[in-house]
Amino acid sequence: MFKRGFDMADTIIVATFDSSNAAYDAASALKKLKDEKTIDFKPKAGVMVKKDDKGNVSLLESKERPLFGTGVGTAVGALIGLIGGAPGAALGAALGATSGVSSDAVMAALDSDFVESVTTDMRPGMTAIIVEADEKSTKPVDDAVAHAGGNVRRQAA
């Protein structure tokens with residue numbers, strides 16, 4: 001048995017940045033962490049989204065160039081919808097539609113304080129990396145995001 005805090009935990013990680021360039025720098029650092037395999041950071045899926053000056057959310061990573069994995073889970077899709085308000089809800093639903101879990105169950109699973117902090121953090125003009133990952137320690141991801149000037153929020157997935 002592992003002691004709590006040392007076992008791998010499935011986590012939703014949201015890193016917000018003032019610019020897309022900073023987000024891309026952090027994404028490169030996260031991909032490097034993943035590739036090193038010595039770090040206990042195993043991303044399952046992830047996307048990069050940008051909120052424009054009008055508050056609309058768009059996906060920066062295409063299906064041809066996914067950030068991590070091949071898509072996002074329902075919880076991440078719902079979170080994108082919340083960040084973007086009504087227009088983001090369609091994007092979030094489309095991204096998270098691969099599972100049959102109802103949106104009510106997903107919304108119940110997302111902690112309201114977590115959602116509020118992410119939506120408050122994600123002001124117009126900002127870019128976010130949203131990753132679902134298993135991580136043993138938060139330090140490598142925190143350091144990579146901080147180095148690029150971003151802020152990190154987490155919630156158990």
In the structure I gave you, are the side-chain heavy atoms of [X] and [Y] within less than 4.5 Å of one another anywhere?
{"X": "Tyr24", "Y": "Thr127", "answer": "no"}
{"X": "Thr11", "Y": "Gln155", "answer": "no"}
{"X": "His147", "Y": "Asp25", "answer": "no"}

Closest heavy-atom contact between [X] and [Y]?
{"X": "Gly149", "Y": "Phe17", "value": "C-CD2, 4.3 Å"}
{"X": "Val141", "Y": "Leu33", "value": "N-CD1, 4.0 Å"}
{"X": "Ala26", "Y": "Ala144", "value": "CB-O, 4.3 Å"}
{"X": "Lys51", "Y": "Met122", "value": "NZ-O, 3.1 Å"}

Summary of salt bridge (Lys or Arg N to Asp or Glu O under 4.0 Å) pairs that have at least one residue in residues 144-157, sequence neighbours excluded: Asp121-Arg153, Glu135-Arg154, Asp142-Arg154
Measure the spacing between OG of Ser117 and CG of Asn151 and express it to the nearest 0.5 Å. 10.0 Å
Would the distance check show the side chain of Lys50 and the main-chain N or O of Gly125 forming a donor-acceptor pair, the cut-off being under 3.5 Å? yes
Derivation of the side-chain contact (heavy atoms from CB on, under 4.5 Å) call for Arg123 and Thr16: CA-CA 9 Å; Arg123 296 179 307 280; Thr16 53; over 6 Å; no
Show, in sequence, the C-alpha distance, side-chain angles and deciding distance for Ile12 and Phe114, and conclude whether the side-chain contact (heavy atoms from CB on, under 4.5 Å) test is met. CA-CA 10 Å; Ile12 297 171; Phe114 171 74; 4.2 Å; yes
